[in-house]
Amino acid sequence: MNLTQPSQENVEYMIDQIKEKLRMVNVDAMKSDNFDDSQYEELHDLYSMVKKRSTFSPSEMQAIASELGSLRK
């Protein structure tokens with residue numbers, strides 16, 4: 001999968017991977033349909049950071065969830 005090219009399929013994949021990695025409880029709030037290609041670069045940066053880390057503090061998880069919220073349509 002080439003995540004460098006903006007597409008709805010890539011957005012869906014990255015959101016699903018972030019939710020899985022963070023074990024987010026309220027997954028309905030982070031549906032991939034709520035994101036579009038206009039914020040793709042920011043979403044990709046967030047995805048890359050999340051995939052590199054193995055653990056997150058509660059405050060880091062809150063910050064990531066907040067950032068995802070700001071990227072929503």
- Message: Go through it in stages, so that I can follow the logic: the residues are Met49 and Ile64, the test is side chain to side chain contact (heavy atoms under 4.5 Å, CB included), and I'd like the CA-CA distance, side-chain angles, deciding distance and then a yes or no.
- Response: CA-CA 10 Å; Met49 185 273 300; Ile64 292 167; 3.8 Å; yes
- Rounded to the nearest 0.5 Å, how far does CD of Gln62 lie from CG of Leu22? 11.5 Å
- Task: State the CG-CE distance between Asp45 and Met14, to the nearest 0.5 angstrom.
- Result: 9.5 Å
- Side chain to side chain, Arg53 and Glu60, heavy atoms closer than 4.5 Å: yes
- Item | Partner set under salt bridge (Lys or Arg N to Asp or Glu O under 4.0 Å) for Asp16, not counting sequence neighbours | Lys19
- Here the gap from Lys21 atom NZ to Lys51 atom NZ, rounded to the nearest 0.5 Å, amounts to 5.5 Å
- Message: Please check this pair: side chain of Asn10 against backbone of Asn2, looking for a donor-acceptor N/O pair closer than 3.5 Å.
- Response: yes
- Mind checking whether Tyr40 and His44 have parallel, tilted or perpendicular rings, split at 30° and 60°? parallel
- Under a 4.5 Å cut-off applied to non-hydrogen side-chain atoms, are Tyr13 and Glu9 in contact? no
- Rounded to the nearest 0.5 angstrom, the OG-CE distance for Ser66 and Met61 is 13.5 Å
- Nearest-0.5 Å distance, CG of residue Leu46 to CD of residue Glu67: 6.0 Å
- Query: When you look at CD of Glu41, are more than 12 heavy atoms from neighbouring residues, nucleotides or ligands closer to it than 6.0 Å?
  - Reply: no
- Please report the shortest heavy-atom distance between Val50 and Phe56, naming the atom on each side. O-CZ, 3.5 Å
- Task: Could you go through the side chain to side chain contact (heavy atoms under 4.5 Å, CB included) check for Leu43 and Ile18 one step at a time?
- Result: CA-CA 10 Å; Leu43 179 60; Ile18 291 170; 4.2 Å; yes
- To the nearest 0.5 angstrom, please state how far the CD atom of Glu42 sits from the CG atom of Leu68. 12.0 Å
